[in-house]
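Just below is one structure, and these are the notes that go with it.
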Amino acid sequence: QVQLVESGGGLVQAGGSLRLSCAASGRGVKTYCMGWFRQAPGKEREFVATINWNGDRIYYTDSAKGRFTISRDNVKNLVYLQMSSLKPEDTAVYYCAVRTEYTCSSDWTGFGYWGQGTQVTVSS
């Protein structure tokens, strides 16, 4: 069983930065793909970024490239999403998720474990 707890969300002005953290626990988490997804009101859940077990395969949605950085610390079992140059359209609930595979996918249905989510609000 895998458990995930996100933190670090909040209210920030456009152009600002936030760092989200996800604490993971459970057998095997060090070997799994981990990802960040988000869901805005009235919209479908969407892919933001994923990172494989050792960090040598990282993928971002186009809107996140150059602004967001995903990383992981397998000693502390933490995954981070550093977000900069935030825009109002980044406003959403951000979820950390685990895919119990070595390889990653941008399809959220392939992720079997989810955190409770953390709200990110970017004001204009």
Side-chain angles (χ1 to χ4, degrees):
Q1 195 76 352
V2 174
Q3 293 185 322
L4 304 168
V5 179
E6 303 100 332
S7 61
L11 174 64
V12 64
Q13 288 188 332
S17 299
L18 279 175
R19 188 177 81 159
L20 305 183
S21 299
C22 173
S25 61
R27 176 177 290 185
V29 291
K30 292 179 173 55
T31 64
Y32 296 148
C33 169
M34 298 192 72
W36 288 95
F37 295 79
R38 66 187 181 188
Q39 188 165 18
K43 295 188 177 181
E44 293 187 354
R45 188 166 299 188
E46 65 172 356
F47 160 71
V48 177
T50 55
I51 184 169
N52 73 327
W53 73 278
N54 66 352
D56 69 352
R57 294 286 188 272
I58 291 176
Y59 302 98
Y60 297 99
T61 189
D62 285 346
S63 64
K65 289 177 183 176
R67 300 190 300 127
F68 293 5
T69 302
I70 187 171
S71 61
R72 68 190 293 168
D73 181 337
N74 281 345
V75 174
K76 298 179 180 179
N77 285 348
L78 291 168
V79 177
Y80 303 102
L81 185 68
Q82 177 69 48
M83 305 185 293
S84 60
S85 302
L86 283 161
K87 305 174 182 179
E89 51 264 42
D90 294 317
T91 295
V93 177
Y94 283 70
Y95 297 92
C96 174
V98 165
R99 171 179 160 90
T100 54
E101 301 282 348
Y102 291 118
T103 58
C104 286
S105 169
S106 61
D107 182 356
W108 68 266
T109 63
F111 288 74
Y113 296 95
W114 294 83
Q116 81 287 354
T118 185
Q119 177 71 47
V120 171
T121 303
V122 184
S123 63
S124 58

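These numbers come from the heavy atoms of this one structure, side chains and all, not from hydrogens, waters or symmetry mates. One is the number of the first residue; the rest follow in order along the sequence.
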Check your understanding: Under 3.5 Å, side chain of Arg57 to main-chain N/O of Asn52, donor-acceptor pair present?
Key -> no
Review point. Which pair of heavy atoms, one from Val2 and one from Arg27, lies closest together, and at what distance?
Key: CG2-O, 4.4 Å
Exercise for review: Would you kindly say whether Thr109 and Asp107 are connected by a side-chain donor-acceptor distance under 3.5 Å?
Suggested key: yes
Exercise for review: Give a yes or no answer on whether the side chain of Tyr95 reaches the backbone of Glu6 with a donor-acceptor pair at less than 3.5 Å.
Suggested key: no
Practice item. Establish, yes or no, whether a centroid distance under 6.0 Å links the rings of Phe37 and Phe111. Key: yes
Check your understanding: Any link between Tyr80 and Ile70 through a network of hydrophobic side chains (Ile, Leu, Val, Met, Phe, Trp, Tyr) touching at under 4.5 Å?
Key -> no
Check your understanding: Do Phe68 and Thr61 have side chains that get closer than 4.5 Å, going by heavy atoms?
Key -> no
Study note, to complete from the structure: Here the gap from Asp73 atom CG to Lys30 atom NZ, rounded to the nearest 0.5 Å, amounts to 9.0 Å
Exercise for review: Measure the CD-CD distance between Gln39 and Glu46 for me, rounded to the nearest 0.5 Å.
Suggested key: 9.5 Å
Practice item. Please name the pair of heavy atoms, one in Ser85 and one in Ser17, separated by the smallest distance, quoted to 0.1 Å. Key: N-OG, 4.4 Å
Point to revise | Passing candidate, side chain to side chain contact (heavy atoms under 4.5 Å, CB included) with Leu18, options Asp90, Val122, Leu11, Val120 | key: Val120
Practice item. For Trp36 and Cys96, run side chain to side chain contact (heavy atoms under 4.5 Å, CB included): C-alpha distance rounded to whole Å, both residues' side-chain angles, the deciding distance at 0.1 Å, then the answer. Key: CA-CA 5 Å; Trp36 288 95; Cys96 174; 4.0 Å; yes
Exercise for review: Mind checking the NZ-OG spacing from Lys87 to Ser63? Nearest 0.5 Å is all I need.
Suggested key: 7.5 Å
Point to revise | ILVMFWY network linking Leu20 to Val93, side-chain heavy atoms under 4.5 angstrom | key: no
Check your understanding: Side-chain contact, heavy-atom cut-off 4.5 Å: Ser25 with Gln3?
Key -> yes
Check your understanding: In Å and rounded to the nearest 0.5 Å, what is the OH to NZ distance from Tyr59 to Lys65?
Key -> 11.0 Å
Revision key, fill the gap. Residues passing the ring pair (Phe, Tyr, Trp, His ring centres under 6.0 Å) test with Trp108, sequence neighbours excluded, are none
Review point. Got a second to check how far Ile58's CD1 is from Ser71's OG, nearest 0.5 Å?
Key: 7.5 Å
Check your understanding: Which pair of non-hydrogen atoms, one from Ala92 and one from Ala40, has the smallest distance, and what is that distance?
Key -> CB-N, 3.8 Å
Point to revise | Flag, side chain of Ser84 to backbone of Arg67, donor-acceptor distance under 3.5 Å | key: yes
Review point. Do Val79 and Leu81 come within less than 4.5 Å of each other through their side chains, counting heavy atoms only?
Key: no
Revision key, fill the gap. Heavy atoms of Thr50 and Ser105 approach each other most closely as CG2-O, 3.5 Å
Practice item. Flag the pair Leu4 / Met34 as yes when at least one side-chain heavy-atom distance between them is below 4.5 Å, and no otherwise. Key: yes
Review point. Would one find more than 12 heavy atoms of other residues, nucleotides or ligands at under 6.0 Å from atom CD of Gln116?
Key: yes
**Study point:** Phe47-Val98 co-clustered via ILVMFWY side chain contacts under 4.5 Å
**Key:** no
Exercise for review: Identify the heavy atoms of Arg99 and Gly110 that sit nearest to each other, and give their distance.
Suggested key: CG-O, 3.4 Å
Exercise for review: May I have the step-by-step check of side chain to side chain contact (heavy atoms under 4.5 Å, CB included) for Gln13 and Leu86, ending in yes or no?
Suggested key: CA-CA 8 Å; Gln13 288 188 332; Leu86 283 161; over 6 Å; no
Practice item. Supply the atom-to-atom distance Cys33 SG to Tyr102 OH, rounded to the nearest 0.5 angstrom. Key: 13.0 Å
